[in-house]
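Per chain, numbering begins at 1; letters A, B, ... match sequence-line order.
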Amino acid sequence: MSNLFKLFEISGSALSAQSVRLNTVASNMANAQVVSGSPEQAYRARHPVFQSVLQDIGGASGTASVQVAGVLESQAEPRAEYAPEHPLADEQGYVYKPNVNVVEEMANMISASRSYQNNVEVMNTTRQLLLRTLQLGQQ
Amino acid sequence: MALSFDKALGIHADALQVRSRRLELLASNLANADTPNYKARDIDFRAALGHAQQGEAVAMRRTHAGHLPSGGAAGHAVEPQYRVPSQPSLDGNTVDTQLEQAAFSENAVQYQASLDFLNSRFQGLRTALRGE
């Protein structure tokens, strides 16, 4: 039997997945200007990978929640900047900045917050429906 | 004459079940709006309701604890169908958030309508019982 309580689990999983995404965006943005002395030490942009989890064995009902399968580091090369007077500069006079694309991160943030809002809306609607179901036959 | 709740409530009890099942599916579509390779699913309401009205669906018997349930409950018998995407995205996700949102709110209103119908049926029953 289907029941609406499962819906809180589904939307709740989406909320936590989207908040992980928001967290990684915040971390990437915060570290976007961090300078380091070698390409290996430079901060790398992190991105979560979402995965859907079928709610019941066999998937007869077809509903699925979301989980974060892992957080991957971007493999793009860090940006090298020529700054010979910088204290962290290597022998060639280069410092390395993270491979964070700020514009991409901003778009990512907006998308994540929209998805978050959508799921909150779903939960609110479900809550109202459940409350009304509880009042069935009482008036 | 025996009072049968099944007859008194009519189609609305079944409809409510199918609606809540559809709500669940639409919510999982919305939850997976950013999941790569997720395919949006939905049920054909008419088919599911028809199935629910025919009474208990035929379920396979489980003779071993390790057997998977085949899903005999009303409304579950109809397999969800995959949506045909109008704008498929590169990551293999076929959820159209706007479409799902519209379907979700439409379905929520219809759920409330079913609740109202059920309420009025109960009210009718009560009036009949009181005999005022």
Using non-hydrogen atoms and a 4.5 Å limit, figure out which bit of Thr97(B) sits close to chain A: side chain, backbone, both or neither. side chain

List in chain and number order the residues that pass side-chain hydrogen bond (donor to acceptor under 3.5 Å, both in side chains) with Ser120(B), two or more places apart in sequence or in another chain; answer none if no residue qualifies. none

Check whether any side-chain heavy atom of Ile11(B) lies under 4.5 Å from a side-chain heavy atom of Phe117(B), and answer yes or no. no

So is Arg19(B) actually on top of Phe45(B)'s ring, under 6.0 Å and inside 45° of the axis? yes

Pick whichever of Ala64(A), Ser11(A), Ala14(A) has the most heavy-atom pairs under 4.5 Å with chain B. Ala64(A)

Quick check for you: among Thr133(A), Leu129(A), Ile10(A), Leu7(A), which has the greatest number of heavy-atom pairs under 4.5 Å with chain B? Leu129(A)

Please state whether the side chain, the backbone, both or neither of Arg114(A) comes within less than 4.5 Å of a heavy atom of chain B. neither

Within the distance-only criterion (no hydrogens, no angle test), does the side chain of Lys39(B) pair as donor or acceptor with the backbone N or O of Gly92(B) below 3.5 angstrom? yes

Within the side chain of Ser27(A), is there an N or O that forms a donor-acceptor pair under 3.5 Å with the backbone of Asn23(A)? no

Which one of Leu30(B), Asn37(B), Leu25(B) has the most heavy-atom pairs closer than 4.5 Å to chain A? Leu25(B)

